[in-house]
Amino acid sequence: MIFEVHIEVRHRAGVADPEGATIERSLPALGFDGVRDVHVGKSIRFTLEATDEASARSEVEDMCARFLSNPVIEDVEIHLREGAAA
Amino acid sequence: MIFEVHIEVRHRAGVADPEGATIERSLPALGFDGVRDVHVGKSIRFTLEATDEASARSEVEDMCARFLSNPVIEDVEIHLREGAAA
Amino acid sequence: MTEPLHRSLGLTDDEATEIEKILGRPPVPLELAMYAVMWSEHCSYKSSKIHLKRLPTEAEWVLVGPGENAGVVDVGDGIAAAIRIESHNHPSAIEPYQGAATGVGGILRDIFTMGARPIAIMDPLRFGPLDDARSRWIAEGVVSGISGYGNSVGVPTVGGETVFDATYQGNPLVNVLCLGVLPQDRLVLAQATGAGNLAILLGSTTGRDGIGGASVLASAGFSDDEADADKRPSVQMGDPFEEKRLIEACLELLDAKLVVGIQDLGAAGLSGATSETASRGGMGMDVDVSAVPVREADMEPFEIMTSESQERMLAIVEPPDADRVLEICARWEVQATVIGKVTPPDADGVGWLRILDGFDGEELAKIPADSLHEDCPMYDRPRQAPADLGARRSDDPSSLAAPTDPGADLVGMLTDTTWVSSQYDHMLFLNTVEPPGGDAAVLRLKHPGTGEDTGRGLALTTDGNHRWCAVDPRAGTAQTVAEGMLNLAVVGARPLAVVNCLNFGNPEHPEVMWQLSESIDGMGEACSAFGIPVIGGNVSLYNESRGANIDPSPVIGMLGVIDRLDRRPPGVGLVEGGRLVLLGA
Amino acid sequence: MSARVGVVLFPGSNCELDVIEAVRMLGGDGEILWHGDRTTHGVDAVVVPGGFAHGDYLRPGAIARFSPVMDAVADHAREGGPVVGICNGFQVLTEAGLLPGALQKNRGLKFMCGMTTLRVESTDSALTSAANVGDELRVPINHFEGNYTCSPETLAELKGDERVVLRYVDNPNGSIDDIAGICSAERNVVGLMPHPERAMSDLLGSADGRTLLQSVIDAASGAVVRS
Ligand SMILES: Nc1ncnc2c1ncn2[C@@H]1O[C@H](COP(=O)(O)OP(=O)(O)O)[C@@H](O)[C@H]1O
């Protein structure tokens, strides 16, 4: 089965997000006033071939923990969807 | 009204995504074989105060076109959700 | 919880008793947390200080010796050079990029705290073998972290070392050296003088990151949320852009003579910066913990006082100058907040550090300022030569089979480190005469005030050799000093000063203490013999790898001066038909 | 009177003093233009220097281009005044729309600092007038995002009008068509990734950057009549 995987890698709560803070500080000068709490993360998309949803999910979780993020400073959010065949 | 905004900034089709390619190349060595078509983008989240959904959306679109993305090389996907009051 | 609070904070029973004696009463948890961070090995040097005292530290040209944020020497023409080396080994083992990046940030602050503009970084690095996947991940992350932070903050990385060895598997060494230059009259010390002067916190907001050991206080009933403690990241994110603005703002404040003293916020955060400035000035300080700009709501005073959030400085300012200070900071987009007031010592000469909830509010802690960094018990830990020392020394190369192809072996041992140095801006400031790749980095010496070229140069080298030191830490360290000398000599430089980073294992193991003590004596003997003062350094203990201590790994940084750049030796380019002459025995 | 070259300083810029030192070596006068000012103070030429304006957060140049001084820089360019963006400055000029295209991460996904060889492709620009077509110049690069890209139409236009002024001899970063530097249609706005100010003396490895910065000074002094 083919899955479409979307992973969002974010800073863990409590970890500084200098990029988000810098963007937030610069927005008012561009005329955008109502913006708060800017956070910048990474978004990773791919397709995955796996036997079933459970094994796809556990493989993605493993990938995130070992390679795509560092749990010391980052959290991940995983979205999985059975997709069209490649 | 307060909106939760999530923007995904991606490489435009046809623009090289070396980061995605690098991830794709390194995954098999870690034992992840079934991964294809890796794309890496940016994910930007913030809250926005606006009078209604239409104006929130047009403000975010403007922000994306002028600032949050570079249309020469990037596409954006915008998600907007009415959120809890701050 | 069954364990007494002081123990979970990392304090021994004796240390807790000592604290109670100092205060004449049992400490409140906030006070205990402040002592715990300040009396940690990292901040107090409690296992190494008695040995470090044996190092030669004086010479005519030394303006500031060990003990301040950086050592400073006179390099002529009214110019002084500030230099310091630090380790960021443990953070880099768990988050290589940020660990190394924040290591760069920290050492830069030590330099511009002295009034110097940082002009060069060196990065002696030690990793596990590259065929180990985790070591590779660490090596790549560390190098990108140094590159990401150093390049962006705008300080060139002009040299370093890259060593791969099994002894560092799981415990890499990330040492970072920084050199700065200053007009001699801009030299400032980290002192709070003048009762009524203001303590202004500059730079980043204070967050829950890097609270480390003190986070046990949260589960000890300080916080309602039990799960809170493990939400606190122990690793900080570096923000080179914030640091760049801090550098510019601080140097402008110093040029305008608007600060009495200035101190960076290092490992012990506000606890360290407030108590150190106060006690160096022989004063006390009132700190309004509620005034500190925080990144998250509901931060507890102990979190604010022990947070290691990066890119912060504390400036001591006379009240009439405060407005101009805030103005200059605003221009550089650096947040600046009055958080403290210098207070006179009491009738007994004791300067008190008081932590208050609002200047007129509740008193949350009251500690003699100097007790935090002067009264920590010092240890003369047991020392004993390692049991296998005899075996190490009798390991005789002549018992090995002769290599069949020594040429190939030699080539196989060479590592092309341009993979590392090409990721570093090593040219900024138009100073780099000898880039990474030579025996020592050579920099033009320009006057930091006027930009005028002196025609002279500074030379920098870092050296270490854990194999020598594993066999004989005393001779090995002395040899390392000699290697530094030679590296400077071949670029035509006279050595002026040594800084060192002592990367060792667990000091509670007698053989590690023996190695440390021997190594210090070897460095001291060599430096005395060569007439080079040791003007600063750093001790990193508890470097353990897979249950074993790393080989003793002292790293020496040496600064030299070249009197005429246009007449320095030409370097190692071989010329056809030339003759090779071996000098020395 | 020597040419006045204004060097823009954003928070996070770091090559501004190097550019000023280089300009002075050539007899010009370098002065800082503060990002918050709305004027270029009447300078003859503007250099947007290297560094990490606003930390390069979001994208290099993305925040800097909204600085008040950038309107004045655009006016200066519109009036035909020379504007040169070096490295981060090139990124700022593309973000500001003063030059076409964009700069992406290097092909190898690594920061690169080192010497490159550039070939002069056109001498009709504020940066190359003192050089000869075909000259090979050794000038260092120092960037993470120096991989130039643009649409096929833009590329055709750049090539057709000979607006590619410098190419890499050995493309280090994956730039399309080996592009190291381009100029505007009016040829007074130029952007390049390499750092000519780092190649001002043999002591530091190369003096080939002099030709490029001399061109800027010539343009600033009005010695070059713009076509
Ligand atoms: N981590 C590093 N950062 C910057 N430069 C480095 C680094 N590692 C090595 N270099 C440079 O590469 C050159 C060779 O390094 P090394 O093989 O350790 O030389 P040596 O044997 O002379 O000590 C030195 O000039 C050094 O400055």
Side-chain angles (χ1 to χ4, degrees), chain A residues 5-46 48-50 55-79, chain C residues 90-99 101-102 105 133-134 137-138 141 145 148-149 152 203-211 215 218 225 227-245 293-299 303 307-312 333-335:
Chain A
V5 183
H6 176 203
I7 297 166
E8 199 183 331
V9 183
R10 308 196 272 202
H11 295 277
R12 278 180 57 174
V15 172
D17 181 352
E19 185 164 13
T22 304
I23 293 173
E24 187 165 336
R25 263 204 319 274
S26 55
L27 279 166
L30 313 183
F32 302 107
D33 285 316
V35 179
R36 300 279 171 279
D37 267 333
V38 181
H39 289 282
V40 179
K42 231 189 296 197
S43 143
I44 305 173
R45 288 180 181 271
F46 52 85
L48 174 70
E49 180 154 8
S55 73
R57 184 167 297 273
S58 90
E59 193 171 343
V60 173
E61 277 167 4
D62 190 23
M63 228 180 270
C64 285
R66 284 173 50 206
F67 181 57
L68 297 177
S69 76
N70 184 351
V72 174
I73 49 169
E74 291 165 333
D75 276 335
V76 294
E77 201 175 296
I78 297 173
H79 300 273
Chain C
H90 296 123
S92 302
I94 55 169
E95 187 3 74
Y97 186 100
Q98 296 299 339
T102 51
R134 190 167 173 90
W137 174 73
I138 291 176
Y149 200 102
S152 175
S204 194
T205 48
T206 298
R208 287 201 162 101
D209 43 358
I211 288 169
S215 62
D225 184 356
D228 242 26
D230 43 69
K231 281 202 217 117
R232 291 185 180 79
S234 54
V235 172
Q236 299 94 53
M237 298 284 285
D239 182 354
F241 177 46
E242 179 82 49
E243 180 110 333
K244 171 69 175 167
R245 287 177 287 126
V294 290
R295 205 154 58 220
E296 290 173 87
D298 310 324
M299 281 182 61
E303 295 176 308
S307 161
E308 293 185 3
S309 288
Q310 299 291 297
E311 289 95 19
R312 298 179 298 160
E333 299 170 32
V334 164
Q335 183 164 228

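Below, read A as the first sequence line, B as the second, and so on, with proteins coming before strands; counting in each chain starts at 1.
- Residues A/Pro18 and C/Gly238 share a closest heavy-atom pair of CG-O, 3.8 Å.
- Neither the backbone nor the side chain of C/Tyr97 comes within contact range of chain A, judged by heavy atoms closer than 4.5 Å.
- Annotation: the span from C/Asp239 atom CG to A/Thr22 atom OG1 amounts to 5.5 Å, rounded to 0.5 Å.
- For C/Glu95, the parts lying near chain A are the backbone and the side chain together; criterion is any non-hydrogen pair under 4.5 Å.
- Only the side chain of C/Gln98 comes within less than 4.5 Å of a heavy atom in chain A; its backbone stays farther off.
- Taken from CD in C/Gln335 to CZ in A/Arg25, the straight-line distance is 9.0 Å, to the nearest 0.5 Å.
- Considering only heavy atoms from C-beta on, A/Asn70 comes within 4.5 Å of C/Trp137 through its side chain.
- Among all heavy-atom pairs drawn from C/Met237 and A/Ala16, the shortest one is CG-O, 3.3 Å.
- Taking both residues in full, the closest heavy atoms of A/Val72 and C/Ile94 are given as CG2-O, 3.9 Å, listed atom of the first, atom of the second, then distance.
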